[in-house]
Amino acid sequence: TSMNEGLSSVDLLPGGEVDLRGSFERGLAEELGLRLGRENQDQLVVHSLILDTDRYEWGLLGHLDLRTTGITSSHIRSMRNSGLAADDWEASEISFVSFTKESVLDLISDQGQWIPHGLVNVALSYLYRFPSATPEIIGSLTGMK
């Protein structure tokens with residue numbers, strides 16, 4: 001699952017350091033109803049930290065590799081539909097995308113001049129998993145095919 005999560009004051013560790021993993025774990029629980037166990041900690045990857053200077057908001061882009069967890073899109077839908085995702089209103093729509101180069105390239109190509117950060121995050125997640133696809137993904141992101 002690829003996600004964007006805003007940082008909150010609850011994400012601060014003693015001493016003021018930001019707990020990036022804790023922020024993602026909070027976001028997974030709030031928006032998808034998923035609770036990340038300690039055994040899945042290494043499957044969480046932070047891609048970037050974004051600062052929206054107009055709104056003074058922080059955002060994290062990253063992904064959690066669910067391949068070995070048994071969690072499926074049906075499981076996530078069920079968690080959200082049963083009320084276990086307290087902030088499901090933050091993402092009124094979630095998309096389940098086939099994680100193939102063709103699907104990712106199609107998503108990016110269909111965006112025209114503006115690519116939402118969620119799709120950039122999907123591209124970053126794909127590049128993390130398949131670095132050999134870098135030229136094609138970067139070409140699609142920049143419009144240079």
Side-chain angles (χ1 to χ4, degrees), residues 1-12 17-82 84-145:
T1 182
S2 186
M3 62 178 293
N4 170 38
E5 181 59 39
L7 294 177
S8 166
S9 60
V10 301
D11 299 321
L12 295 177
E17 185 178 334
V18 176
D19 181 6
L20 297 180
R21 286 188 179 275
S23 179
F24 269 112
E25 288 181 32
R26 178 180 52 77
L28 288 166
E30 290 175 356
E31 295 177 29
L32 300 179
L34 297 176
R35 304 296 185 267
L36 186 60
R38 293 287 171 218
E39 68 277 5
N40 301 113
Q41 291 279 325
D42 292 341
Q43 294 167 286
L44 183 61
V45 176
V46 176
H47 294 302
S48 64
L49 177 64
I50 297 171
L51 172 61
D52 181 335
T53 57
D54 292 333
R55 295 184 185 153
Y56 300 102
E57 294 177 342
W58 295 89
L60 291 169
L61 296 180
H63 75 268
L64 175 64
D65 187 343
L66 297 173
R67 288 177 294 162
T68 62
T69 66
I71 296 171
T72 65
S73 58
S74 296
H75 181 255
I76 291 172
R77 280 192 181 101
S78 173
M79 299 293 278
R80 286 174 56 92
N81 291 341
S82 64
L84 295 174
D87 288 348
D88 62 354
W89 56 270
E90 284 186 34
S92 60
E93 180 181 324
I94 51 177
S95 299
F96 297 94
V97 178
S98 177
F99 205 56
T100 65
K101 182 169 53 175
E102 292 75 24
S103 295
V104 172
L105 288 171
D106 286 346
L107 278 172
I108 293 168
S109 299
D110 288 345
Q111 298 308 306
Q113 296 295 321
W114 184 77
I115 300 173
H117 64 268
L119 290 183
V120 171
N121 195 39
V122 170
L124 290 170
S125 296
Y126 191 83
L127 290 176
Y128 182 85
R129 177 78 171 92
F130 303 105
S132 64
T134 299
E136 290 169 279
I137 299 293
I138 296 299
S140 257
L141 287 170
T142 60
M144 301 165 25
K145 298 183 181 186

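Everything numeric in this text was worked out from a predicted model, so none of it was measured.
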Point-to-point distance, once rounded to the nearest 0.5 Å, from CD of Glu136 to OH of Tyr126: 8.5 Å
Steps toward side chain to side chain contact (heavy atoms under 4.5 Å, CB included) verdict (Phe24, Val46): CA-CA 9 Å; Phe24 269 112; Val46 176; 3.5 Å; yes
Heavy-atom pair of closest approach, residues Leu32 and Met79: O-CB, 3.3 Å
For Ser125 against His47, the heavy-atom pair lying closest together: OG-NE2, 3.1 Å
Test side chain to side chain contact (heavy atoms under 4.5 Å, CB included) applied to Leu107 - qualifying residues, sequence neighbours left out: Val97, Leu119
Ile71: partners by side chain to side chain contact (heavy atoms under 4.5 Å, CB included), with sequence neighbours left out: Leu34, Leu66, Thr69, His75, Ile76
NZ on Lys101 to OG on Ser132, rounded to 0.5 Å: 6.5 Å
Point-to-point distance, once rounded to the nearest 0.5 Å, from CG of Asp11 to CZ of Arg26: 4.0 Å
Spatial distance of atom CZ (Phe99) from atom NE2 (His63) [nearest 0.5 Å]: 6.5 Å
Which residues share a side chain to side chain contact (heavy atoms under 4.5 Å, CB included) with Asp19, sequence neighbours left out: Leu13, Arg21
Atom of Thr134, atom of Leu127 and distance for their closest heavy-atom approach: CA-CD2, 3.4 Å
Donor-acceptor pair, side chain of Ser140 and main chain of Ile137, under 3.5 angstrom: no
